[in-house]
> 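Dropping a structure here in structure tokens format, bear with me for questions.
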Amino acid sequence: MIILTGQAFDPGALLSEFCQDRTETGAIATFTGLARAEQGDTTTLELEAYPGFTEAAIGKIADEALRRFDLHDFHVVHRVGKIVPGEAIVFVATAASHRRAAFEACDFLMDYLKSRAPFWKKETGPAGARWIEPRAQDHADIARWETPKP
Amino acid sequence: MARVLLFGRLSDIAGWRERDIDSASLGALRDLLAGEDEGLAQALAAPGVQIALDQAIVRGDATLSARSEVAFLPPMSGG
């Protein structure tokens, strides 16, 4: 399931719900990303999505994760709109038979969300506002999952 | 009339987010936008800007119809 929401959410409640009614899933991995204050440099974050397009793009990569890691299920929740430091921006949960697949799928989905998913992120603080673009590290992270050329 | 959408820093630079613009092709639309706003012209030419036509990424030129939706997408960053 992929949810974009303008409302604050409770990652613990999402995890409890995701764990319910599973008798064959041996492993669930989750990642929760929180908005940072950057020592006072950031007072608000604003996240913009392209409704329809953003969900479809995440759906494609989630389908790839399902196949590649033999997942039983996944859940992605991503905030849009204004966010203050301390609030959760993103929650990813993956369910698989064994832990390695669950961990790796969660890592894979997050690397994608950081640098390829259609979101635009603006940080506002005392020095003004700036749009955030993927860092070199984010590009290096996602490159780890690309099939090596023969 | 194509519906034109700007995202992220592109809409801040242009001062608008959504407009209906009469244009026969993507190339003509780009030229028209660049001709009316030098700042937007530079931002659209920056590396990493992608174009979605009817919610699918396109490279190169394409014909536009009255119901086309064209979105200019600067480099993406989530999480």
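Note that these values count all heavy atoms, side chains included, but never hydrogens, waters or copies made by symmetry.
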> Do you know which of A:A129, A:P118, A:G33 has the most heavy-atom pairs with chain B at a distance under 4.5 angstrom?
A:P118
> Show the nearest heavy-atom pair for residues A:W120 and B:P74, with the distance to one decimal.
NE1-O, 2.8 Å
> Looking at A:L45, A:V92, A:L113, which one has more heavy-atom pairs under 4.5 Å with chain B than the rest?
A:L113
> Just by modelled atom types, is the B:S77 backbone N or O under 3.5 Å from a matching donor or acceptor in the A:K121 side chain?
no
> For A:E17, is the CD atom crowded, meaning more than 12 foreign heavy atoms sit under 6.0 Å from it?
no
> Find out if a path of hydrophobic residues (ILVMFWY) with successive side-chain heavy-atom gaps under 4.5 Å connects A:M1 to A:L15.
yes
> Are A:L47 and A:F9 connected, step by step, through hydrophobic side chains (Ile, Leu, Val, Met, Phe, Trp, Tyr) whose heavy atoms are closer than 4.5 Å?
no
> Just checking heavy atoms, which of residues 55-70 of chain B are less than 4.5 Å from chain A?
B:Q55, B:A56, B:I57, B:E69
> Can you check whether anything in residues 7-37 of chain B gets within less than 4.5 Å of chain A, heavy-atom wise, and list it by number?
B:F7, B:G8, B:R9, B:D12, B:R17
> With sequence neighbours excluded, tell me which residues meet side-chain hydrogen bond (donor to acceptor under 3.5 Å, both in side chains) with A:S16.
none
> Quick check on A:R99: does its CZ atom have over 12 non-hydrogen neighbours (other residues, nucleotides or ligands) under 6.0 Å away?
no
> Check whether A:F74 and A:F108 end up in the same hydrophobic cluster, where Ile, Leu, Val, Met, Phe, Trp and Tyr are linked by side-chain heavy atoms less than 4.5 Å apart.
yes
> What residues form a side-chain contact (heavy atoms from CB on, under 4.5 Å) with A:V80, not counting sequence neighbours?
A:L4, A:A49, A:F119
> Does atom NE2 (A:H139) have a neighbourhood of more than 12 heavy atoms from anything else shown, all under 6.0 Å?
yes
> Which atoms of A:I89 are under 4.5 Å from chain B, going by heavy atoms: the side chain, the backbone, both sets, or neither?
side chain
> Rounded to the nearest 0.5 Å, how far apart are OH of A:Y50 and CG of B:L5?
5.0 Å
> If you draw a 6.0 Å radius around CZ in A:R68, do more than 12 non-hydrogen atoms from other residues or ligands fall strictly inside?
yes
> Same hydrophobic cluster for A:F69 and A:F31, using side-chain heavy-atom links shorter than 4.5 Å among ILVMFWY?
yes
> Hey, any chance A:L66 and A:I61 share a hydrophobic cluster, counting ILVMFWY side chains that come within less than 4.5 Å of each other, even indirectly?
yes
